[in-house]
> 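The structure that follows is given in the form of structure tokens.
Lettering follows sequence order; numbering is per chain, from 1.
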Number of protein chains: 2
Amino acid sequence: MPTISDVARHAGVSVSTVSYALSGSRPISAETRERVLASMKLLGYHPNAMARSLATRRSRVIAMIYPEVDRGLGGTGGEFVRASAERARELGYQLVLWPFRAEEARQVRNLVRQGTADGVLVMEVLLDDERIDVLEEAGIPYTMIGRTRDVTSRHSVDIDFEATVEATIEHLVGLGHRRIAFVNHSRESLEAGYGPTVRVAAAFDRVMSERGLRPLARTCSDSPLDGRAVMGDLLAADPHLTAVVTMNELATFGVFAELQRRGLAIPADVSVMGIVSSPGVGTLSNPQLTTMHSPGAELGRLAVDRLLTQLDDSSRPVPNLLIPCVFEPGLSVGPARTEPDDAPQRP
Amino acid sequence: MPTISDVARHAGVSVSTVSYALSGSRPISAETRERVLASMKLLGYHPNAMARSLATRRSRVIAMIYPEVDRGLGGTGGEFVRASAERARELGYQLVLWPFRAEEARQVRNLVRQGTADGVLVMEVLLDDERIDVLEEAGIPYTMIGRTRDVTSRHSVDIDFEATVEATIEHLVGLGHRRIAFVNHSRESLEAGYGPTVRVAAAFDRVMSERGLRPLARTCSDSPLDGRAVMGDLLAADPHLTAVVTMNELATFGVFAELQRRGLAIPADVSVMGIVSSPGVGTLSNPQLTTMHSPGAELGRLAVDRLLTQLDDSSRPVPNLLIPCVFEPGLSVGPARTEPDDAPQRP
DNA sequence: GCGCTTCGTCGAAGCGCTTCGATGAAGATA
DNA sequence: TATCTTCATCGAAGCGCTTCGACGAAGCGC
């Protein structure tokens with residue numbers, strides 16, 4: 001591996017001239033620049049990343065803290081990671097993976113202190129998340145994917161759960177649905193303060209109540225088996241429900257199975273709509289699931305952009321971003337069936 | 001951020017003493033070591049990774065080249081990445097992601113030359129893969145997940161496709177199946193020389209032929225829709241087939257749908273067995289899919305171990321590893337139905 | 001023709017660490 | 001007691017780069 005002084009010697013200039021020729025941070029005559037660049041090419045020179053980092057105190061590395069790349073199925077996590085890594089590369093940064101859960105905040109601190117990363121991306125943020133406190137304290141730029149409880153002075157991009165729920169209910173109500181149930185993620189994730197679980201639960205309650213509808217909701221562990229049980233439970237709670245909204249991809253398979261077992265046709269008897277789902281997951285069901293798919297790749301890119309803006313110019317304020325899920329048509333949602341006991345309706 | 005000389009000053013020793021106290025590479029009296037460690041703790045000192053790397057010419061970073069974290073569904077890719085990152089961390093390394101496809105070998109070379117990574121992990125290796133040539137040429141340690149065509153002098157871990165197919169066919173034949181069809185990944189991936197596609201195709205041919213059975217196989221793009229079409233095609237080619245082996249998770253959903261549409265019961269009429277599938281994917285089908293799931297996490301850990309062994313002691317030869325898939329029982333495989341035209345069988 | 005600015009380049013310091021050779025103080029040996 | 005080791009520690013060099021101050025050579029106005 002040739003070094004900068006090999007290049008300098010070969011081109012007959014000083015080391016600093018080579019550096020300036022490369023960075024352009026001081027004027028260099030066109031002629032010598034040519035000569036230097038030619039030498040570089042000839043020798044196959046590539047600046048050593050570590051030496052450069054040491055001198056500039058910038059590693060051009062961003063870290064991504066992620067507890068799980070994949071939650072079971074669901075390409076969302078992976079999609080997010082890939083999009084971030086790609087965007088980072090486009091902008092000349094590298095992405096390192098720090099596999100830490102919320103409880104491992106101390107490890108995060110240690111790694112941050114080592115100075116390997118110029119900035120940090122945090123996935124799967126909890127409402128109260130120690131890792132964020134550590135990052136704040138260390139004074140290192142970061143961007144959350146997700147949001148802590150209070151987010152006013154913090155940097156985040158997130159799915160716009162509220163708007164997503166709003167659009168979903170709007171869509172269903174527009175098709176005549178009034179009795180709409182919701183299948184959430186697990187009770188544990190709700191209690192742990194996992195953002196999507198908490199925010200969607202709250203949004204569903206609010207949006208339904210605002211319309212004078214009953215917000216029938218259940219938590220459900222991430223498995224088809226529990227999805228079946230919960231679907232049964234929901235039908236017991238309201239035998240006349242006409243639509244089910246589910247944020248739990250694995251459970252959705254159970255929801256389908258249970259409805260079909262009971263002879264309820266989708267969507268003729270019951271419509272099913274997936275929200276915050278990974279792209280393509282809709283095609284796996286029969287009939288194909290209508291979804292609001294989560295903008296994983298877009299969030300990944302935006303998170304990186306946002307973080308790097310902060311790095312380049314920490315004074316520039318960057319607004320927090322909320323991206324709603326995208327409607328992806330399927331065959332699992334249709335007009336509400338007219339219920340006998342819905343009869344006394346106004347026209 | 002305190003530096004090593006802050007610590008030295010505070011403890012009243014020289015910089016080198018601090019370094020030795022930390023690394024233990026020269027004897028230091030217990031007393032001064034204590035004093036130094038106390039100062040470190042008090043000052044909150046963490047050695048700067050970049051400076052250390054520059055001095056030692058070791059970055060303690062390994063890079064992972066991956067074209068896709070997720071192929072649609074399938075947590076295998078993500079599982080692999082996560083397991084690798086975790087294992088690397090356990091051993092004091094960081095994992096950076098290099099999102100390069102096989103065509104982007106030049107970019108790989110540039111990054112390698114920068115010296116950011118001590119070693120490289122390459123996912124989704126093709127039979128003929130330029131990236132591997134680049135790594136060989138650069139003389140940087142690497143480990144493939146997957147294999148190039150000739151692997152004798154190269155470092156790899158991979159799924160043991162041959163053993164997996166062998167075990168699968170064995171299992172089915174043991175249940176009386178003779179007419180077994182195979183649904184592979186896409187024709188494009190076969191032609192691109194994507195390892196799993198090619199090796200399993202070959203293994204299926206061989207294993208079936210060795211048993212005097214007809215190796216009925218089809219490529220199929222990764223989608224439920226094409227899965228349906230291919231299933232129809234297979235039934236046209238052999239209306240009496242009793243088992244389908246599929247390596248294509250998305251297509252499997254279509255296979256199920258098509259069989260059910262035709263009133264063929266699973267497994268009473270046709271058994272379906274998924275191979276090289278991501279863990280948990282079996283539970284999504286109804287009836288639950290019997291699979292040979294791919295040992296993604298194990299491969300991830302092993303790949304890292306293997307690479308780091310090479311780094312520590314490049315002379316020590318490390319054998320290439322092949323890990324078979326693991327049988328995961330489900331409800332989609334049963335005894336072969338007795339076909340009218342299979343009648344003249346020996347007892 | 002003089003001083004003044006501008007331009008292009010150089011040398012050296014420094015980023016924070018590791019590591020090698022040297023050194024002085026004990027302790028062991030004769 | 002003089003000599004040789006051994007042990008613990010120090011100082012300095014060096015990893016490959018950036019960047020600051022300096023300096024000579026042109027170019028400028030008057």
Side-chain angles (χ1 to χ4, degrees), chain A residues 1-37 39-40 43-61 92 94 110-118, chain B residues 1-40 43-61 92 94 110-118 312:
Chain A
M1 291 288 96
T3 73
I4 196 173
S5 50
D6 294 331
V7 176
R9 200 172 317 120
H10 185 270
V13 296
S14 77
V15 165
S16 46
T17 301
V18 176
S19 178
Y20 292 132
L22 201 53
S23 69
S25 57
R26 274 199 190 177
I28 293 289
S29 74
E31 184 209 350
T32 53
R33 174 184 295 110
E34 289 309 316
R35 195 146 37 87
V36 168
L37 294 180
S39 296
M40 286 185 182
L43 300 178
Y45 168 77
H46 282 259
N48 179 290
M50 241 88 62
R52 177 176 273 183
S53 301
L54 184 58
T56 56
R57 263 136 299 177
R58 290 284 232 100
S59 63
R60 297 193 80 80
V61 165
Q94 312 219 30
N110 291 347
L111 235 40
V112 166
R113 288 227 177 115
Q114 286 181 203
T116 357
D118 290 342
Chain B
M1 291 289 98
T3 72
I4 196 173
S5 51
D6 295 329
V7 175
R9 202 173 314 119
H10 185 271
V13 296
S14 78
V15 165
S16 46
T17 301
V18 175
S19 179
Y20 292 131
L22 202 53
S23 68
S25 58
R26 274 199 190 179
I28 293 289
S29 74
E31 184 208 354
T32 52
R33 177 184 292 111
E34 289 310 313
R35 196 146 39 88
V36 168
L37 294 180
S39 297
M40 284 182 182
L43 300 178
Y45 169 77
H46 281 259
N48 179 289
M50 241 89 62
R52 178 175 272 182
S53 301
L54 184 59
T56 57
R57 262 134 297 174
R58 291 284 232 101
S59 65
R60 297 193 79 80
V61 165
Q94 312 218 31
N110 291 346
L111 235 39
V112 165
R113 288 226 176 117
Q114 287 181 199
T116 357
D118 291 340
D312 291 345

> What range of DNA chain D does chain A touch, first nucleotide to last, counting atoms under 4.0 Å from its heavy atoms?
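It runs D:dG16 to D:dA22.
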
> Testing the basics here: between A:Met50 and B:Leu54, what is the closest heavy-atom pair and its distance to 0.1 Å?
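Taking A:Met50 first and B:Leu54 second, the nearest heavy atoms are CG-N, 4.1 Å.
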
> Between B:Thr116 and B:Val61, what is the shortest heavy-atom contact and its length?
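In terms of heavy atoms, the two residues are closest at O-CB, 3.4 Å.
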
> Mind checking whether B:Asn110 and A:His46 have side chains closer than 4.5 Å, heavy atoms only?
yes

> Hey, what do you get for CZ (A:Arg26) to OG1 (A:Thr17), rounding to the nearest 0.5 Å?
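The OG1 atom of A:Thr17 is 10.0 Å from CZ of A:Arg26, to the nearest 0.5 Å.
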
> Which residues, if any, of residues 19-35 of chain B bring a heavy atom under 4.0 Å of DNA chain C?
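Of all residues in residues 19-35 of chain B, the ones placing a heavy atom under 4.0 Å from DNA chain C are B:Ser19, B:Tyr20, B:Arg26.
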
> Determine the contact category for A:Ser16: base if any of its heavy atoms lies under 4.0 Å from a base atom, sugar-phosphate if only primed atoms, P, OP1 or OP2 are that close, otherwise nothing.
base

> Considering just the side-chain nitrogens and oxygens of A:Thr17, establish if one lies under 4.0 Å of OP1 or OP2 belonging to C:dT9.
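So the side chain of A:Thr17 is outside the cut-off, no N or O lying under 4.0 Å from OP1 or OP2 of C:dT9.
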
> What pair of heavy atoms forms the shortest contact from B:Pro2 to B:Tyr45, and how long is it?
O-CD1, 3.4 Å

> Mind checking side chain to side chain contact (heavy atoms under 4.5 Å, CB included) for B:Thr32 and listing every partner two or more places apart, or none if nothing turns up?
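Only B:Ile28, B:Ser29, B:Arg35 meet the side chain to side chain contact (heavy atoms under 4.5 Å, CB included) criterion with B:Thr32.
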
> Can you tell me how far C1' of C:dG11 sits from CD1 of A:Ile4, to the nearest Å?
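The answer, rounded to whole Å, is 14 Å.
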
> Looking at every strand, decide which applies to B:Val13 at a 4.0 Å heavy-atom threshold: base, sugar-phosphate, or nothing.
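It contacts sugar-phosphate atoms only.
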
> Can you measure from CZ (A:Arg9) to OG1 (A:Thr3) and round to the nearest 0.5 angstrom?
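One gets 7.0 Å once the value is rounded to the nearest 0.5 Å.
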
> My understanding is that only residues two or more places apart in sequence, or in another chain, count here; which of them pass side chain to side chain donor-acceptor pair (under 3.5 Å) with B:Ser19?
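By the side chain to side chain donor-acceptor pair (under 3.5 Å) rule, B:Ser19 matches no residue at all.
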
> Could you summarise the pairing of DNA chain D as dot-bracket text, marking Watson-Crick and G-U pairs under 3.5 Å with ( ) or [ ] inside the strand and | across strands?
||||||||||||||||||||||||||||||

> Just how far is it from atom CZ of B:Arg60 to atom CD of A:Gln114, taken to the nearest 0.5 Å?
9.5 Å

> Going by the rule salt bridge (Lys or Arg N to Asp or Glu O under 4.0 Å), which residues pair with A:Arg58 if we only count those two or more places apart in sequence or in a different chain?
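In terms of salt bridge (Lys or Arg N to Asp or Glu O under 4.0 Å), with neighbours along the sequence ignored, A:Arg58 is linked to A:Asp118, A:Asp312.
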
